[in-house]
Each structure stands twice: as C-alpha cells, then as structure tokens.
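What follows is a short report on a single structure.
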Amino acid sequence: MQQNTIYKKIREAVEVIQQHSKIQPEIGLILGSGLGSIAELATEAVTIPYSQIPHFHNPSVEGHAGKMVIGKINQIPVVLLQGRFHLYEGHSMEDVVFPTRTICGLGIHSLVLTNAAGGINTRFRPGDVMLIEDHLNLMGDNPLRGPNLSQLGPRFPDLSEAYHRGCLAAFKKTAEELKINFHTGTYAGLLGPTYETPAEVRMLRTLGADAVGMSTVPESIAANHLGVQVAGVSCITNLAAGLSPHKLSHQEVMDTSAQTAEKMKNLILNTLPKLTQKGKTNA
Ligand code: HPA
C-alpha cells in the first residue's frame with residue numbers, strides 16, 4: 001500500500017541519518033537558491049550527501065548542492081537541507097516533500113523554509129527580505145493528494161496558520177533588533193520552470209500575492225500535515241516580470257541571493273533561539 005510504503009521509506013531515511021549523527025535536531029532549515037552558505041553557521045557539523053540517504057534524489061538545479069547538514073546553530077540542534085526538489089524538475093509531489101517529511105521525522109518542532117522569490121509588491125527591491133505570512137498554492141497539485149497517510153496527519157489539515165504566527169513574530173522581533181529592513185507578505189507558489197509573464201504578474205498582484213516563486217508551498221503543506229510549525233523567509237532576488245526594464249535570469253537570482261545570504265544568516269542565527277515548541281515562542 002502507498003501509505004505504508006511512504007512511511008517505511010521515511011523511517012529508512014531517518015534511520016540512516018541517525019547513524020551519521022547523534023545530534024537530535026529541534027529545528028529544520030531548507031535553504032533556497034544561492035542560500036546554501038547559511039549552512040556555514042552550523043558548528044559540530046556532520047554533512048551527509050543526499051546520495052547516501054535512502055530515497056533522496058539529487059537536485060538538478062544549479063545553486064542546490066544536495067547535502068544534509070546536522071549540527072548546532074547558536075547552541076540549537078539543527079538539520080539543514082542544502083538543496084531541495086522542485087515539481088518543475090519532473091519529480092512527483094511525493095518526492096518533492098520527501099526530504100521535508102524525513103527531517104520532520106527526525107523530531108524537529110519548527111521548520112524554516114527559505115527561498116529566492118520575485119517581488120510583485122511594487123515596494124519591494126532586489127535584496128529585500130520578506131517574512132512569509134501566507135501562501136497561494138497555484139502549483140496545480142497538492143502533496144497530500146491521494147490516500148491520506150494517517151500515520152503522518154489528518155485527511156483535511158487546517159492551514160489557517162500555514163506560517164506559524166509565533167515563528168513569524170520571532171523573526172520580526174529579530175529583524176527589528178538587528179535593524180534589518182523587512183517586509184511581510186503572501187508568497188505565490190507556481191509550478192515553473194518558466195518565469196511568469198507580465199500579465200501573470202498582474203494577475204498575481206490582483207490575487208493578493210507580494211512575491212512569487214516555485215517552491216516552499218509543498219514543503220509548508222507537508223510540514224503542517226505533520227504538525228510541525230513553519231516559518232518562511234523569502235529573499236527578493238529580482239523584480240517580477242514586467243516590473244524591471246531587463247529580462248529575468250537564474251544568474252540574477254543566484255547573484256542577489258548570494259549577496260543577501262549574510263543578512264539572512266544574521267537573521268536566522270539570532271531568531272533560532274526564539275523558536276520554541278508548539279505555539280509558544282520566547283519572542
Ligand atoms: N518568479 C518565480 N520564481 C522566482 C523568481 C521569479 O521572479 N525569482 C526567483 N524565483
């Protein structure tokens with residue numbers, strides 16, 4: 001049965017990871033395009049290539065390394081994923097969220113999703129940080145489609161706090177303390193791999209989106225299903241199509257996110273101690 005198979009696969013991956021490191025992570029981080037250097041924050045780090053973890057694929061996208069790092073950031077035990085799988089790469093939704101489910105299976109209570117995104121809100125500039133308040137799932141699929149995996153969570157999970165308010169408050173507080181300029185807003189997740197047309201960007205703005213990207217939404221849904229609280233941080237790498245005089249390129253996305261990584265690192269380093277279990281934060 002599909003249900004048992006996925007559960008079994010997660011347990012197999014968890015078991016192998018636990019053979020590599022004795023650290024029991026409390027917080028997971030998934031690092032988006034060009035943001036892999038955030039893993040440099042980890043001390044006592046053990047790196048596990050995805051090729052050594054059962055049922056993990058290798059990311060095909062430049063800027064996504066394909067490594068898991070387990071260690072500590074600011075004394076907090078963490079697991080980081082350098083590289084994620086996207087639906088546009090041709091993976092199934094099940095494969096896209098497999099790493100998320102696996103790190104949730106390691107026992108984390110919070111998951112921080114980072115990504116590179118195009119700015120739709122006209123106040124946004126490349127290099128800005130947007131703390132995700134909510135998302136629009138415009139991928140045309142859902143990782144929970146199919147028989148419900150009852151060992152993982154309920155058939156009809158509530159998503160009224162897909163981005164946990166306590167975690168969001170913790171990120172806001174840190175950004176204010178560090179005087180990091182930030183926005184909050186709604187992330188629209190699209191299938192890709194094409195960037196949007198200007199007409200699609202106008203549509204997305206009308207729908208209430210502030211930023212657009214090709215990830216994060218499936219991972220947030222899968223983690224919420226498992227009862228793990230989620231925070232999302234977008235690095236606005238470019239103005240969305242039609243808003244800037246030049247054409248979009250993956251190089252621009254990678255360059256801007258690399259330039260913003262220091263700011264993101266500082267934000268994450270100082271927020272992790274404020275993220276605590278289940279509804280409560282020290283913020
Ligand atoms: N659109 C979609 N995904 C993206 C963008 C964009 O403009 N920038 C970075 N990821």
Side-chain angles (χ1 to χ4, degrees), residues 29-38 59-65 81-91 93 96-97 100 112-141 143 162-163 182-221 231-264 267:
L29 293 102
I30 301 186
L31 308 177
S33 291
L35 297 170
S37 68
I38 291 172
S60 65
V61 187
E62 198 195 325
H64 287 264
L81 295 181
Q82 276 181 315
R84 53 156 55 100
F85 306 113
H86 304 84
L87 202 55
Y88 66 73
E89 292 174 81
H91 300 296
M93 266 295 191
V96 168
V97 299
T100 302
V112 179
L113 301 172
T114 68
N115 61 48
I120 291 180
N121 188 315
T122 51
R123 290 185 298 116
F124 291 9
R125 292 288 164 266
D128 284 357
V129 167
M130 183 187 89
L131 305 177
I132 304 179
E133 278 180 329
D134 208 345
H135 74 219
L136 292 166
N137 179 6
L138 299 172
M139 293 189 152
D141 202 351
Y163 301 86
F182 69 97
H183 307 284
T184 55
T186 297
Y187 174 92
L190 271 66
L191 173 62
T194 49
Y195 292 116
E196 300 66 41
T197 63
E200 286 165 348
V201 170
R202 289 194 297 276
M203 172 191 76
L204 293 170
R205 185 179 301 121
T206 305
L207 293 178
D210 296 289
V212 57
M214 306 172 195
S215 68
T216 302
V217 165
E219 295 146 350
S220 170
I221 292 173
V233 188
S234 291
C235 166
I236 305 299
T237 52
N238 56 282
L239 302 182
L243 300 178
S244 100
H246 60 271
K247 294 190 175 184
L248 304 188
S249 72
H250 186 55
Q251 196 55 49
E252 178 187 3
V253 168
M254 298 272 292
D255 290 348
T256 314
S257 54
Q259 286 156 19
T260 315
E262 277 308 310
K263 183 160 63 175
M264 297 279 277
L267 183 60

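Side-chain atoms are counted along with the backbone in the values below, which use heavy atoms only and exclude waters and symmetry mates. Atoms within a ligand are numbered from 1 in the order they appear, just like the ligands themselves.
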Rounded to the nearest 0.5 angstrom, the CG-CD distance for Leu267 and Glu262 is 12.5 Å
In ligand 1, the atoms that come under 4.0 Å of a heavy atom of Met214 are 2 (C), 3 (N)
re atom 3 (N) of ligand 1, the protein heavy-atom contact at minimum distance is Gly213 CA, 3.3 Å
Here the atoms of ligand 1 under 4.0 Å from any heavy atom belonging to Gly118 are 5 (C), 6 (C), 7 (O), 8 (N), 9 (C)
From the list Thr186, Asp210, Asp128, side chain to side chain donor-acceptor pair (under 3.5 Å) with Asn121 holds only for Asp210
Value for CG (Leu239) from CD (Glu252), rounded to nearest 0.5 Å, stands at 7.5 Å
Hey, are the side chains of Met130 and Tyr187 touching, using non-hydrogen atoms and a 4.5 Å cut-off?
yes
With a 3.5 Å distance limit and no angle check, can you tell me whether Lys263 reaches the backbone of Gly127 through a side-chain donor-acceptor pair? yes
Contact region, Val253 to ligand 1, non-hydrogen atoms below 4.0 Å, reads side chain
dist Asn238:CG -> Leu248:CG (nearest 0.5 Å) comes out at 5.0 Å
To the nearest 0.5 Å, atom CE of Met93 lies from atom CD1 of Ile221 at 6.5 Å
for atom 7 (O) of ligand 1, nearest protein heavy atom and its distance come out as Asn238 ND2, 2.9 Å
Under 4.0 Å between heavy atoms, the region of Ala117 that gets near ligand 1 turns out to be backbone
Under 4.0 Å between heavy atoms, the region of Leu248 that gets near ligand 1 turns out to be side chain
So the atoms of ligand 1 within less than 4.0 Å of a heavy atom of Thr237 turn out to be 8 (N), 9 (C)
Does the side chain to side chain contact (heavy atoms under 4.5 Å, CB included) test come out yes or no for Val233 and Met264, once each step is laid out?
CA-CA 9 Å; Val233 188; Met264 297 279 277; 3.8 Å; yes
Under 4.0 Å from one or more heavy atoms of Ala116, ligand 1 contributes atoms 9 (C), 10 (N)
Note: ligand 1 atoms sitting under 4.0 Å from heavy atoms of Tyr195 are 1 (N), 2 (C), 4 (C), 5 (C), 6 (C), 7 (O)
Has ligand 1 got any nitrogen or oxygen that is less than 3.5 angstrom from a nitrogen or oxygen of Glu196? yes
